[in-house]
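One structure is given below, encoded as structure tokens.
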2 protein chains.
Amino acid sequence: MEKLLQSVRITINDKLYVKDPESSKLGKRIVEESILMINDMGFESFNFKKLGQKIGSNESSIYRYFENKHKLLLYLASWYWGWLEYQLVFATNNIPDASTKLERAIEIMTQATEIDLAFTHINEVLLSKIVINEYSKSYLTKEVDQENKDGYFVIYKRLVNRLSQMIKEVNGDYPYPASLASTLIEGALHQYFLIDHFSSLTSCDAKTTPTEYFKHLAFNTLNIKNNG
Amino acid sequence: MEKLLQSVRITINDKLYVKDPESSKLGKRIVEESILMINDMGFESFNFKKLGQKIGSNESSIYRYFENKHKLLLYLASWYWGWLEYQLVFATNNIPDASTKLERAIEIMTQATEIDLAFTHINEVLLSKIVINEYSKSYLTKEVDQENKDGYFVIYKRLVNRLSQMIKEVNGDYPYPASLASTLIEGALHQYFLIDHFSSLTSCDAKTTPTEYFKHLAFNTLNIKNNG
DNA sequence: CAAATATAATAGTATTACTATCATTATATA
DNA sequence: TATATAATGATAGTAATACTATTATATTTG
């Protein structure tokens with residue numbers, strides 16, 4: 001992907017960090033290396049002591065940026081959804097036809113992630129893998145209602161709502177726009193997981209993409225023929 | 001739900017337990033109370049020490065039934081999917097029309113769980129809540145491929161495949177039967193979660209059920225008109 | 001009743017997820 | 001340039017977790 005804008009910055013709820021990791025070199029290293037480590041060893045095995053050793057810094061210094069690894073995961077996920085939202089808005093902005101617009105939106109939301117050179121300290125491809133493998137754990141908790149109140153999921157919710165709006169614009173009579181939007185976004189993560197670990201449970205693979213499947217699903221349930 | 005058969009027993013991979021919990025009173029108490037506790041406090045806060053205190057037994061005794069709480073969760077989930085599979089097979093067994101059969105299958109897979117009096121030590125309603133809130137955690141791990149090889153997910157996979165087969169029988173030309181089946185089953189769990197915690201992200205509620213939504217989705221994407 | 005098995009009690013270990021304190025180093029500004 | 005201020009590092013410590021090991025005591029079964 002080409003570097004479209006120099007100065008785009010993903011804005012994240014400041015309750016998710018103690019000190020803004022974008023504000024220092026160490027902060028950026030924490031974000032950068034945590035993505036590599038969580039991707040490598042999984043969220044359960046990952047901890048701040050190991051991260052400190054990896055980046056040649058101290059455990060206690062990392063705690064000055066993030067309260068705990070749960071909040072770091074919420075931060076990384078928010079960043080990812082914010083980044084996707086930006087792609088979505090950018091790609092669909094001046095498409096007048098509602099159907100073409102939705103089609104483009106589904107492509108953005110369900111296609112395999114490519115690297116974005118605008119953010120040097122964040123590997124979006126690995127981050128998308130983290131979202132596939134770990135995002136559910138960030139909300140499948142007993143604290144979800146409080147954390148939702150605190151705005152930890154606003155970007156994700158805004159994204160689902162944007163997609164829901166586009167669905168409504170294609171077919172105002174369709175009774176389940178929000179459910180379809182959440183199914184597309186969550187379902188895409190799930191299908192990518194299945195491709196890697198339970199291939200018998202998905203019809204997708206290297207040739208047949210989740211994007212194809214979800215475009216077919218959306219346009220048929222909306223009773224609109226797919227352009228592609 | 002009425003008590004249909006006295007002697008049905010859900011058979012679970014014996015690698016999931018050290019000693020069969022169905023083989024003793026203590027074993028059944030472990031299963032029974034763990035369902036209540038995990039539902040109350042969430043899987044993260046739950047542990048064998050607390051469970052031991054609750055059932056007036058010793059932590060070490062529980063370890064003689066289950067290696068760890070991860071395997072207990074896999075056991076409970078397998079039981080749930082096995083139980084659902086039984087419902088599915090029973091309810092669709094002698095329906096000749098493929099479309100009616102699929103419709104009934106989607107109802108079974110997506111409707112709210114009711115208690116089954118055949119299993120006194122298992123509260124299926126609470127167990128279904130555990131599956132909604134915790135099941136993803138059982139496979140979103142670094143060990144998933146090995147555990148899949150060891151057969152820890154066979155019942156779940158068999159269930160998705162049964163549904164996939166029924167989809168094929170309705171429309172043999174549909175290119176994504178496995179993906180649709182996995183989307184319906186995983187998506188139903190997700191929609192129930194959204195109803196409870198992110199109501200703006202779903203079109204379902206007390207009146208509009210996930211079953212309605214998924215029946216509409218399936219039959220439209222298969223280009224078959226819904227009977228209901 | 002004896003032998004085998006199941007369960008309970010207690011103790012102990014390595015790891016995790018932090019918190020607290022103090023020392024050192026970098027940076028900002030007067 | 002001196003110095004205050006902030007950022008980071010080093011070390012230590014704590015409570016809880018997720019077990020394992022050992023021994024004692026019930027309970028079941030032959």
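Letters go in sequence order (proteins before strands), and every chain restarts at 1.
Atom CD of residue B/E33 and atom NE2 of residue B/H121 lie 12.0 Å apart, to the nearest 0.5 angstrom. Rounding to the nearest 0.5 Å places CG of B/N13 at 8.0 Å from CD1 of B/I155.
Summarising the geometry, the separation between CG on A/L72 and P on C/dT16 is reported as 17 Å, rounded to the nearest angstrom. If you measure from atom CG of B/L51 to atom C1' of D/dT17, you get 15 Å, rounded to the nearest angstrom. As rounded to whole Å, 14 Å separates atom P of D/dA21 from atom CD of B/E59. Look at NZ on A/K50: it is 10 Å from C1' on C/dT16, rounded to the nearest Å. For the pair B/I62 CD1 and D/dT17 P, the interatomic distance rounds to 14 Å; values are reported in whole Å. Remark: P of C/dC18 and CZ of A/F66 are 14 Å apart, rounded to the nearest angstrom. B/Y63 places its OH atom 13 Å from the C1' atom of C/dT13, with the value rounded to the nearest Å. In this structure, CZ of B/F48 is placed 15 Å from P of C/dT7, rounded to the nearest angstrom.
Which of D/dT17, D/dT22, D/dT8 sits closest to the side chain of B/R64 comes down to D/dT22. Set against D/dT11, C/dA8, C/dT16, the side chain of B/N58 has C/dA8 as its closest nucleotide. Distance from the side chain of B/N47 is smallest to D/dT17 among D/dG9, D/dC19, D/dT17. For A/K69, whose side chain is taken as the heavy atoms from C-beta onward, the closest listed nucleotide among C/dA17, D/dG9, C/dA8 is C/dA17. In the set D/dG9, D/dC19, C/dA17, D/dC19 carries the atom at the smallest distance from any side-chain atom of B/N68. Comparing C/dA8, C/dA6, D/dC19 by their closest approach to the side chain of B/Y65 singles out C/dA6. Proximity note for A/S24 (side chain, C-beta onward) versus D/dT8, C/dC18, D/dG9: the nearest is D/dT8. If you check C/dC22, D/dA18, D/dT11 against the side chain of A/S60, the one that comes closest is D/dT11.
Between the side chain of B/Y17 and the backbone N or O of B/R64 there is no donor-acceptor pair closer than 3.5 Å.
Remark: B/K69 is not positioned above the aromatic ring of B/F48, lacking an NZ or CZ atom under 6.0 angstrom from the ring centre and at most 45 degrees off the axis.
The shortest distance between the side-chain N/O atoms of A/S61 and the OP1/OP2 oxygens of D/dG9 is below 4.0 Å. Within the structure, every side-chain polar atom (N or O) of A/K25 is placed at least 4.0 Å from both OP1 and OP2 of C/dA26. Note on B/K49: every side-chain N or O is 4.0 Å or more away from OP1 and OP2 of D/dT17.
If you check every strand for non-hydrogen atoms under 4.0 Å, A/E67 touches sugar and phosphate atoms only.
Under the 30°/60° scheme for interplanar angles, the aromatic rings of B/W83 and B/W79 are found to lie parallel.
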